[in-house]
Amino acid sequence: MSRKILIRDLTLRDGQQSAFATRMTQGQIDTVLPFYKDANFYAMEVWGGAVPDSVMRFLGENPWDRLEKTKSIIGDVSKLTALSRGRNLFGYAPYPDNIIDGFCKTAIESGLGIMRIFDALNDVDNVKATIKYVKKYGGIADCAVCYTIDPNFTFAEKVKAFLKGKPVPSSVFTDDYFVNKAKQMAALGADMITIKDMSGLIPPTRVATLIRKIKAVVNIPIDFHTHCTPGVGLASVVSAINSGVDILDTVIWNFAGGPAAPPIELIYLFCKKMDVELDVNMEAVAKINTQLLVIRKELEAYDAVKKIPIAFNPVTDNVPTEVSNLIDKAIKAVKSGDEATLISACQAIEKYFGFPAPNQLVKDAEIPGGMYTNMVAQLKQLKAEDILESAMKLIPKVRLDAGLPPLVTPTSQIVGAQAVSCAMDIRNGKPMYSNTSTQFVALVKGEYGATPVKVDPEFRLKIAGVREETNYDVSKYKMQPNPILEDCNNVHLAENEKEVLLLELFPLVAKDYLTKHKKALCITQKPVEVVAETKVVEEEKVVLPTLKVMSPLPGRILNYEVKVGDTISVGQTVVILEAMKMENSIMSDFAGKVHRIVVAEGETVMENQVLIEILA
């Protein structure tokens with residue numbers, strides 16, 4: 001009797017987020033949902049991650065509508081799943097229990113069946129609350145152990161660190177490290193464990209080892225999630241199949257490969273030869289794939305790969321002899337433990353069908369593909385592409401200084417942005433960490449939780465102003481303001497629990513979205529005011545000598561910490577600037593009185609643009 005593996009389809013969330021910047025509209029999703037109802041996937045990842053933010057920010061759509069509409073069409077055929085960041089949910093700061101409770105309750109009522117819960121530090125304490133509330137409201141708690149590796153320091157760097165009395169730690173992320181995390185999560189009530197390889201770095205042999213070791217200590221299903229960017233994703237999935245994995249994460253052909261997960265169609269071919277049943281309607285999958293090609297062409301402007309695989313339907317098309325032989329070769333290799341041959345055969349199959357080649361830069365850097373592309377985009381914005389190599393080389397040091405966090409959202413963005421900032425500091429003749437984001441300070445301080453290795457107390461003092469690890473105090477959490485829109489029938493910006501949650505989880509984006517949405521619905525007609533023409537006599541302006549606070553980076557003004565007339569001191573934070581997806585506290589180099597605020601909150605600024613004028 002053949003063994004069965006369940007399939008979680010990622011196409012509508014992780015697939016489109018990895019390859020098309022999460023730009024699928026509701027209209028595009030509507031064209032494939034009827035076929036999904038026939039596909040019989042165990043689960044469909046349709047929400048969480050960047051979806052709620054992106055549909056508001058870029059598409060002007062309501063995230064709750066997307067989840068609810070999908071549920072109304074799919075029904076109970078497939079469980080709908082979402083990705084959340086433990087206590088952080090979708091943001092950077094940890095949330096108190098009442099917010100986590102409300103979010104889990106509303107998400108499950110809106111159709112969510114499985115919540116994949118992970119913590120960017122693999123700090124098990126940070127997933128407790130979400131497990132509790134997901135299960136409280138009848139959901140399935142899928143707890144993810146984030147796979148990562150030890151940084152690759154050069155011999156010279158190791159010697160230098162040793163001579164300074166601060167040797168580089170070795171072998172932090174061992175098999176026991178990951179197995180113990182899985183065991184702890186299972187003890188908290190996890191219904192399944194996911195090995196979450198967000199970087200696509202886990203080699204086939206390591207996959208096999210971890211699956212077997214985790215299965216030896218927990219009695220719940222094991223899911224395997226990986227990406228194809230560095231080139232071992234398909235081989236590692238074949239290894240997972242051979243090692244007894246229960247659930248696999250896959251993407252449908254025209255959205256698969258490259259930065260996304262492996263295609264289900266290739267996994268189907270392997271499973272047929274390995275006597276493994278998928279229990280998926282591949283004819284319905286082919287119909288989805290046909291429509292995905294149409295959608296992919298519509299999303300061409302956001303296509304991260306711009307390389308469409310050749311057309312192939314494993315149900316109706318003959319498998320080329322060359323491919324069939326390569327599959328046999330790969331299966332033989334995985335059973336004999338020949339990792340090199342397994343990887344080579346799988347890469348040859350991907351090449352035959354026109355999937356992207358392994359990304360050597362990402363492979364060598366040993367970081368997530370999304371983190372790499374984020375850094376490139378940030379440097380282009382800064383007009384500083386020339387420091388990419390320097391920034392990449394600084395990642396291991398910045399990561400170690402911050403306690404060696406796994407590189408997954410949001411720590412990948414925090415570490416990547418800080419490496420870029422440090423490279424710019426060095427280029428401008430300043431010491432490293434002259435500019436630090438609010439999030440990097442919080443990470444070093446301990447507000448995100450316990451890091452895999454302890455942060456040096458002296459470094460914490462330098463960055464965060466305290467020596468001791470300091471957890472985030474959720475008792476000081478303040479709800480986002482919910483103003484009345486006076487020009488829109490005096491309605492509140494957020495009128496119900498769903499809108500309040502959007503405002504709490506995505507303050508800036510939700511504020512913009514809800515304001516536009518409410519004004520679009522507002523039917524109040526105001527009488528046209530006739531303004532009498534008046535002559536304005538301009539007074540002669542007295543120009544006073546002022547000191548200027550400049551923006552060190554391009555970005556957007558989040559808020560000012562001072563107002564006109566305030567007396568400020570040297571080193572005082574005067575403005576919060578969003579740059580490189582991080583919040584940066586801009587301090588004044590001068591003491592004096594605020595004479596003028598030059599740029600309004602919410603506006604974008606360039607590097608070295610004047611923000612505040614100060615009278616000495």
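These numbers come from the heavy atoms of this one structure, side chains and all, not from hydrogens, waters or symmetry mates.
Counting heavy atoms of neighbouring residues, nucleotides and ligands inside a 6.0 Å radius, atom NZ of K462 exceeds 12 of them.
With respect to the salt-bridge test (charged N to carboxylate O, under 4.0 angstrom), the residues D119 and K128 do not qualify. Salt-bridge check for K306 with D303: failed, with every basic side-chain N at 4.0 Å or more from each acidic carboxylate O. Using a 4.0 Å cut-off between charged side-chain N and carboxylate O, D223 and R116 make a salt bridge. Electrostatic pairing of K397 and D401 counts as a salt bridge here, judged by a charged N lying under 4.0 Å from a carboxylate O. Salt bridge status for D425 with K430: absent, with no side-chain N to carboxylate O gap under 4.0 Å. Comment: R87 does not engage D125 in a salt bridge, judged by the lack of any side-chain N to carboxylate O separation of less than 4.0 angstrom. Salt bridge present: E458 and R467 bring a charged side-chain N and a carboxylate O closer than 4.0 Å.
When all heavy atoms of G200 and P230 are compared, the pair lying nearest together is O-CG, 3.3 Å. Contact record, V444 with F459: CG2-CE2, 3.8 Å, taken as the closest heavy-atom pair. Of all heavy-atom pairs spanning M198 and Y147, the tightest one is CE-O, 2.9 Å. Considering all non-hydrogen atoms of both residues, I193 and A182 come closest at CD1-O, 3.7 Å. Considering all non-hydrogen atoms of both residues, V474 and P94 come closest at CG1-O, 4.4 Å. Heavy atoms only, all atoms of each residue included: G49 and R13 are closest at CA-NH1, 3.8 Å.
For T229 and N359, the side-chain atoms include no donor-acceptor pair closer than 3.5 Å. A donor-acceptor pair shorter than 3.5 Å cannot be found between the side chains of N88 and Y448. If you check the side chains of R399 and S412, you find no donor sitting under 3.5 Å from an acceptor.
When side chains are defined from C-beta on, H225 does not count as touching I195, because their heavy atoms never get closer than 4.5 Å. Side-chain contact check for F103 versus Y95: every heavy-atom pair is 4.5 Å or farther apart. For the pair L121 and T411, the minimum side-chain heavy-atom distance is below 4.5 Å. Between I597 and Y560 the shortest side-chain heavy-atom distance falls below 4.5 Å. With a 4.5 Å cut-off on side-chain heavy atoms, I614 and S588 count as touching. The shortest side-chain heavy-atom distance between P204 and I343 falls under the 4.5 Å cut-off. Two residues are said to be in side-chain contact when any heavy atoms from C-beta on lie closer than 4.5 Å; T226 and D249 fail this criterion. Between E613 and V598 there is a side-chain heavy-atom pair separated by less than 4.5 Å.
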Exercise. Can you check side chain to side chain contact (heavy atoms under 4.5 Å, CB included) on I586 and I576, steps first, answer last?
Worked result: CA-CA 6 Å; I586 310 302; I576 306 298; over 6 Å; no
For this session: Apply side chain to side chain contact (heavy atoms under 4.5 Å, CB included) to R596 and I612, showing your working.
Result: CA-CA 6 Å; R596 186 164 75 104; I612 298 175; over 6 Å; no
Problem set entry | Step-by-step salt bridge (Lys or Arg N to Asp or Glu O under 4.0 Å) determination, R206 to D175 | CA-CA 8 Å; R206 192 86 189 273; D175 290 347; 2.7 Å; yes
For this session: Please assess T148 against L404 for the test side chain to side chain contact (heavy atoms under 4.5 Å, CB included), listing each intermediate value before the final yes or no.
Result: CA-CA 10 Å; T148 189; L404 216 56; over 6 Å; no
For this session: Evaluate the side chain to side chain contact (heavy atoms under 4.5 Å, CB included) criterion for residues L83 and E45: first the C-alpha distance (whole Å), next the side-chain angles of each, then the deciding distance (0.1 Å), finally the verdict.
Result: CA-CA 8 Å; L83 179 72; E45 188 181 66; 4.0 Å; yes
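No donor-acceptor pair closer than 3.5 Å links the side chain of S199 to the backbone N or O of L201. Under the 3.5 Å distance criterion, the side-chain polar atoms of Q16 are matched with a main-chain donor or acceptor of M24. With D123 contributing its side chain and G449 its backbone, the two residues share no donor-acceptor pair below 3.5 Å. Distance alone, capped at 3.5 Å, places no donor-acceptor pair between the R460 side chain and the V466 backbone. Side-chain N or O atoms of E339 include none that pairs as donor or acceptor with a backbone N or O of P203 at under 3.5 Å. A donor-acceptor pair is defined here as one N or O able to donate and one able to accept, closer than 3.5 Å; such a pair exists between the side chain of S18 and the backbone of D14. Side-chain N or O atoms of D197 include one that pairs as donor or acceptor with a backbone N or O of I202 at under 3.5 Å. In this structure a side-chain-to-backbone donor-acceptor pair under 3.5 Å is present from T174 to Y177. A donor-acceptor pair under 3.5 Å links the side-chain atoms of W47 to the main chain of P63, judged by distance alone. In this structure a side-chain-to-backbone donor-acceptor pair under 3.5 Å is present from N482 to L493.
For Y302, there are no ring pair (Phe, Tyr, Trp, His ring centres under 6.0 Å) partners two or more places apart in sequence or in a different chain.
The distance between the ring centers of F255 and F20 falls below 6.0 angstrom. Remark: aromatic rings of F506 and F90 are close, center separation under 6.0 Å.
With rounding to the nearest 0.5 angstrom, the CD atom of Q184 is 5.5 Å from the NZ atom of K181. Going from atom OG of S434 over to atom CD1 of I426 covers 9.5 Å, rounded to the nearest 0.5 Å. One finds the CD1 atom of I395 at 13.5 Å from the CG atom of L400 (value rounded to the nearest 0.5 Å). For the atom pair F224 CZ and L210 CG, the distance stands at 9.0 Å (nearest 0.5 Å). Note that CE of M115 is 11.5 Å distant from CD1 of I131, once rounded to the nearest 0.5 Å. Rounded to the nearest 0.5 Å, atoms OG1 (T130) and CG (D142) are 12.5 Å apart.
Relative ring orientation between Y433 and F440 is described as parallel, the plane-to-plane angle staying below 30° on a 0-90° scale split at 30° and 60°.
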Show me, pair by pair, the donor-acceptor contacts under 3.5 angstrom made by side chains of residues 384-394, not counting sequence neighbours?
residue	atom	partner	partner atom	Å
E389	OE2	K393	NZ	3.3

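Judged by a 6.0 Å distance limit and a 45° cone about the ring axis, R23 is positioned over the six-membered ring of F58.
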